[in-house]
Amino acid sequence: MPPQEPKISRWESAVEYIQTVPTSIFYYGILALIILLIYGIIGSLFIMGLSFYDAIYFTIVTLATVGYGDIVPHTIGQKLFSVTLALGGVGLIAYVFSVGVAVVAMTLEETISGAKIRRIMRAMQNHFILCGFGRVGSATFKELRKRNHKVIIIEKDRTLVEKELWEDPNILAIPGDATDEELLKDAGIKRARGIIITTGDDVDNLFITLTSRELNPDIWIVTRASKRENIKRLYRAGANRVISPETSGGEDIYFAAMEPTMVKITVKHEVKDIEKETEIIIKNGCTIEDIEYHLPEFKRPLIRKVEVSRRRQLEKFLKSLEEDVHRRRSLERIYESVSGIHSHWISGPDKKTMEKVVKELEEEGLLLGVNLSEDEIKEVARKHGRLVEVIIKPEMTIVENHGVEDIKKEAEVIIKNGCTLEDIEYYLPGFREPLKREIHVDDIEDVERFVEALKNNPSKYEALDRLYMLSGGGVHSHRVSAPDTKSLEKVEDELKECGFLLGVNLSQKEIKDLIQRSGRVAQILVKHDVGVVDDKRIIVENGGRILDSSHYLPGVKQIVTRKLNIKNFEDLRSCEKELENPDARRSLTALYKISRDIHSHTVAAPDVKILKKIETELKKKGLLLGVNLSEDEVWDIIEKEMIEKFCID
């Protein structure tokens, strides 16, 4: 406890503490004095018949009981008024003076005796208790104080507490043995967020750990072990973290103490957004401990300590970037090399605050993830940015969905930003690997010539259009290279605005899953006689497109596929007209008979809802046998269908 003897060094803090003492005991006396003053002035004006300035003068000299005799009451009313004013003044002034003296005396006594400090300690919550203020303890305290954490120190050496710690009014310290259960209670162990035990005696540390865990089962305990053989014992006693000064210092103990309220955030932004991100963190009372740059050519991140917890630190850093152009450019190069993706360990007062910071960063569009592993960060970088190899040209793979008619628009977005279309990949059903074609296009004139050639050659246009439809209804990907990552980001943003972009740097599995989920292409198994076009009409009416028709030859298990590409009623009429040709009808009749009128169509549609609608209407007509069946399922249906009739025929 603080000393009972008065200390001159504490008188300065007494002035500060007196401001915190409740002043309600002054209010009534002062208020009554003001009312009496007003009463005296009004009475002097109307009863004594004085002027305004004389009324103020007469009231004050009467309240002070000094009366110079220059203004004398004559009438009975004037005399009664003067008596009441004088008696009221004497009583009220004596009351206010005596109360004031009592309050000052009480405050000074409270300050000198330490009662004020004890009351502050009793009110403290979510603080740290630091047991032991030796070399390790003082180093740990510096780390805590640097980040504005509340701390109560318990130190055995009374001289150290009285002559050093109490000299600073902002330090709360209790002289005594931390093994004392009552002392830990006085320090608020039941309200504390953690206890840090840094005494040099492992036996004391063990006893304090046991007592702390008993008093507060949920408290976070970090303790020092002077000898390695005692580390296990301290863990068994209930410590959450045991630090050995042989290998660690105050900073390691600090981070161990902060572990429950530390998170690693992974963010993506440019240099200009540093202020926005840092402001969110420090305004919530949190500290940015470090910054980690995840360079793709290094297995481990490049880590730099920053320890920013105050606005002035941020302002100093931002000012240095403004004044030093070379420093800013160097930082911008680092950000470019990691596509703006980096991580911070941040510490804060409690979990709710950390959650608030995470939420605000998310709302600002800066956050990519929390507590991600290195592999997860690389995966996030692959999804949301570009892991740019320093020795090669920056690249990304874009997955898009559009028709042949949008080829020029897509190419313009890529080429105008200084990028090159390196290749194109189509994802065809039934093939494990995509159909890939190298193109290396970086001149819009080449694209215009290609589009013009398609217009002049309908069969070539139709073939490419059919390829687009087979590839997930227009899903394909390009590898795009660029002079820098900013150009890639512009391409990504503009393709999103056009509605073309489905994703960046997706794996083959992710692309196939995307096509499967989108449901824009389906294999529909139907049964009907030759010449019946009800199935085709239903598909076209609902906005679908028939890419082909496949017939199955049982016994030899061969599949005959015909290209159709029926996308409107005009194409449907052309198909019907084809049957008017006797040779064509005879061939189709034989094909239908061999496959028992069962065949399938590859159908493309703008979205899954249209395919579902087509499926429902085909069922109603009694034409549908199945959707997206495996080859074995299809053969099983055919071989069971009218086997006796087929043999007789």
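Residues: numbered from 1 along the sequence shown. Just so it is clear, the model here is predicted, and its values are computed rather than measured. Worth knowing before you read on, the calculation uses all heavy atoms, side chains too, and leaves out hydrogens, waters and symmetry mates.
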Stepwise salt bridge (Lys or Arg N to Asp or Glu O under 4.0 Å) test for Glu362 and Lys359: CA-CA 5 Å; Glu362 201 168 14; Lys359 186 178 179 182; over 6 Å; no
Carboxylate-amine/guanidinium proximity below 4.0 Å for Lys185 and Glu182: yes
Side chains of Thr266 and Ser343, donor plus acceptor under 3.5 Å: yes
Whether Tyr335 and His269 hold their rings parallel, tilted or perpendicular, with breakpoints at 30° and 60°: tilted
Glu292 and His344 side chains, donor-acceptor separation under 3.5 Å: no
Modelled atom types, side-chain donor and acceptor of Asn205 and Thr199, under 3.5 Å: yes
Under-4.0 Å salt bridge between Glu143 and Arg147: yes
Carboxylate-amine/guanidinium proximity below 4.0 Å for Lys272 and Glu332: no
Side-chain H-bond candidate by donor/acceptor type, Arg213 with Asn240, under 3.5 Å: yes
Nearest-0.5 Å distance, OG1 of residue Thr211 to CD1 of residue Ile197: 9.0 Å
Minimum side-chain heavy-atom gap Val161-Lys156 below 4.5 Å: no
Distance-only side-chain donor-acceptor flag, Asn216 / Arg191, under 3.5 Å: no
Residues Glu307 and Thr287: side-chain donor-acceptor under 3.5 angstrom: no
Short side-chain to backbone donor-acceptor contact, Thr198 and Arg224, under 3.5 Å: no
